[in-house]
Amino acid sequence: MKILVTGGAGFIGSAVVRHLLAATDHAVVNVDKLTYAADRRSLEGAEANGRYAFEQVDICDEPAVRGVFARHRPDAVMHLAAESHVDRSIDGPGAFIRTNILGTYVLLDVALAHWRGLSAAQAEAFRFHHISTDEVFGALGDAGFFTEETPYDPSSPYSSSKASSDHLVRAWQRTYGLPTVISNCSNNYGPYQFPEKLIPLTILNCLAEKPLPVYGTGSNVRDWLYVEDHARALTLVLTQGRVGESYNIGGNSERRNLAVVEAICRIMDRLRPRAGGASHAALITFVTDRPGHDFRYAIDARKIRDELGFAPSVDFETGIERTVVWYLGHEAWWRPLIERQYGGERLGLAGMK
Ligand code: NAD
Ligand code: TYD
């Protein structure tokens with residue numbers, strides 16, 4: 001297949017592109033606007049590959065998106081392009097509404113016109129895979145899990161924009177017959193994640209011996225999935241998922257935020273001990289909570305396990321060690337980002353103190 005991947009220069013998108021080129025025979029067309037969160041250096045191996053093409057295009061730019069479809073005539077779409085950081089969505093929701101909702105609408109509309117022009121066999125095989133988040137389901141208490149039937153109840157501008165886009169995708173399938181499939185995944189971590197997110201931010205702050213900001217009391221719970229496992233799961237959903245269905249993807253790795261930060265501190269104490277011998281954990285600083293902070297996310301991943309045979313291959317202890325080691329070995333990747341794009345300042349207080 002020729003797969004049009006949107007957002008392929010981002011964290012998960014680049015893992016998907018690397019996976020498709022390394023583990024399959026598919027060709028990839030990467031459509032990415034290259035926002036602050038993108039980095040073509042995450043794709044160095046891909047750029048030299050004859051099965052890879054890059055198009056710098058904003059998915060909201062309908063004529064440009066039509067041009068890409070006309071030039072490349074894809075067999076499938078994997079739609080990952082999005083504004084993805086909850087804290088930024090609190091400070092400036094406009095970009096999230098534009099890219100995540102309007103951009104998804106433009107892609108659906110162009111994909112539909114393209115799909116209608118395909119032969120019967122090609123149209124039957126075509127897929128539009130929308131990559132979404134478990135945050136659309138809102139917050140859980142101490143017990144329970146999100147299933148594919150959990151009602152949508154998003155809390156942040158980010159998660160509500162993703163929920164909106166999920167609804168659009170479902171509507172294009174039910175109304176126009178576009179063969180779509182949706183996946184909703186828990187928090188990803190691993191190499192090439194932009195250092196605004198909890199795990200890379202904590203690693204780089206440890207290295208700089210800066211305070212490690214923990215929102216509220218650090219008791220909020222997230223489920224963590226190693227990004228390369230997510231890329232593998234997405235490929236299964238695209239190729240074997242049933243049209244019109246959605247699949248939850250999780251890591252079976254629920255952790256309180258404080259436990260995540262402490263785990264990173266323990267690894268850093270071993271790999272990069274501080275002068276004077278204090279633990280990195282002494283840098284932990286409890287800060288004002290995120291407004292609308294969802295308490296807990298947890299995934300019931302039985303559907304993707306039973307239907308598509310997916311299980312995560314990397315447990316949290318292995319994945320977090322690998323991730324810390326990766327950041328320690330890739331200063332040339334992250335140093336320009338923290339110097340030119342984002343220096344670690346607090347985001348998401350929406351003007352509150
Ligand atoms: P990211 O912020 O690292 O990357 C997003 C990419 O999309 C960037 O390369 C950016 O340039 C591109 N992009 C943004 N706006 C665009 C536009 N208007 N046109 C074209 N390209 C544009 O995000 P990520 O963490 O890799 O997330 C990828 C997808 O997975 C998103 O849809 C996100 O909602 C979803 N998701 C993320 C997580 C997570 O933990 N990071 C979990 C579940 C689902
Ligand atoms: P984040 O990586 O922003 O992902 P998401 O909000 O999509 O789950 O945050 C993960 C969790 O960590 C979330 O509960 C907020 C919390 N957090 C902190 O405690 N400190 C931080 O500096 C950041 C960025 C997040």
Side-chain angles (χ1 to χ4, degrees), residues 5-16 30-40 42-43 55-61 64-65 78-90 95-96 98-100 102-104 106-107 130-136 139 155-156 158-159 161-162 165-166 183-190 192-202 205 211-225 227 230-231 234 249-251 255-258 260-261 284-290 292-297 299 344-348:
V5 176
T6 72
F11 166 51
I12 302 172
S14 67
V16 168
N30 177 10
V31 177
D32 198 300
K33 177 185 174 180
L34 300 181
T35 68
Y36 78 95
D39 200 325
R40 288 180 76 173
S42 311
L43 292 161
E55 295 272 5
Q56 184 172 0
V57 161
D58 181 341
I59 57 163
C60 301
D61 180 346
V65 175
M78 294 176 86
H79 174 34
L80 295 101
E83 290 292 338
S84 69
H85 190 37
V86 173
D87 291 330
R88 285 184 198 269
S89 83
I90 295 168
F96 290 71
R98 187 175 172 278
T99 287
N100 300 1
L102 195 62
T104 299
V106 167
L107 263 184
H130 177 60
I131 284 76
S132 192
T133 166
D134 62 353
E135 302 191 23
V136 298
S155 302
S156 71
Y158 163 68
S159 55
S161 70
K162 292 297 290 188
S165 62
D166 291 13
S183 55
N184 296 87
C185 187
S186 59
N187 286 53
N188 283 217
Y189 69 106
Y192 300 107
Q193 186 168 31
F194 191 83
E196 64 193 351
K197 303 276 165 63
L198 176 68
I199 287 178
L201 181 73
T202 301
N205 282 357
L212 310 177
V214 171
Y215 297 173
T217 59
S219 57
N220 298 60
V221 176
R222 298 291 182 264
D223 171 59
W224 294 95
L225 179 67
V227 67
H230 190 199
L234 292 177
I249 310 174
R255 295 288 183 284
R256 291 191 186 279
N257 291 338
L258 185 57
V260 170
V261 172
I284 291 173
T285 308
F286 295 96
V287 298
T288 309
D289 208 353
R290 170 187 283 172
H293 196 178
D294 285 334
F295 176 63
R296 174 170 164 261
Y297 303 139
I299 294 275
E345 60 279 7
R346 177 73 196 265
L347 302 170

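Just so it is clear, the structure is predicted and the values come from calculations on it, not from any experiment. One-based numbering, in listed order, for ligands and for the atoms of each.
Distance from atom 6 (O) of ligand 2 to its nearest protein heavy atom, with residue and atom name: Arg290 NH1, 2.6 Å.
Remark: ligand 1 and Asn188 share an N or O pair separated by less than 3.5 Å (distance only, no angle test). Considering backbone and side-chain atoms together, His230 places no N or O closer than 3.5 Å to any N or O of ligand 1. Of the polar atoms of Thr35, at least one N or O is found under 3.5 Å from an N or O of ligand 1, judged by distance alone. The N/O atoms of Ser132, backbone and side chain alike, include none that comes under 3.5 Å of an N/O atom in ligand 1. Remark: ligand 1 and Glu83 share no N or O pair separated by less than 3.5 Å (distance only, no angle test). Distances between N or O atoms of Asp58 and those of ligand 1 include at least one value under 3.5 Å.
Compare Tyr297, Phe286, Tyr215 by their heavy atoms: the one nearest to atom 23 (C) of ligand 2 is in Tyr215. Taking each of Ala37, Ala82, Gly7, Ser159 in turn, the one with a heavy atom nearest to atom 5 (C) of ligand 1 proves to be Ala82.
Geometrically, Arg290 does not engage Tyr215 in a cation-pi contact, judged by NZ or CZ lying under 6.0 Å from the ring centre and within 45° of the ring axis. Cation-pi check for Arg88 over Tyr36 is met; the charged atom lies under 6.0 angstrom from the ring centroid and within 45 degrees of its normal.
The atoms of ligand 2 that sit less than 4.0 Å from any heavy atom of His85 are 3 (O). Listed by atom number, the atoms of ligand 2 under 4.0 Å from His293 heavy atoms are 13 (C), 14 (O), 15 (C).
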| What's the verdict on side-chain hydrogen bond (donor to acceptor under 3.5 Å, both in side chains) for Thr104 and His79, showing C-alpha distance, side-chain angles and the deciding distance? | CA-CA 8 Å; Thr104 299; His79 174 34; 2.9 Å; yes
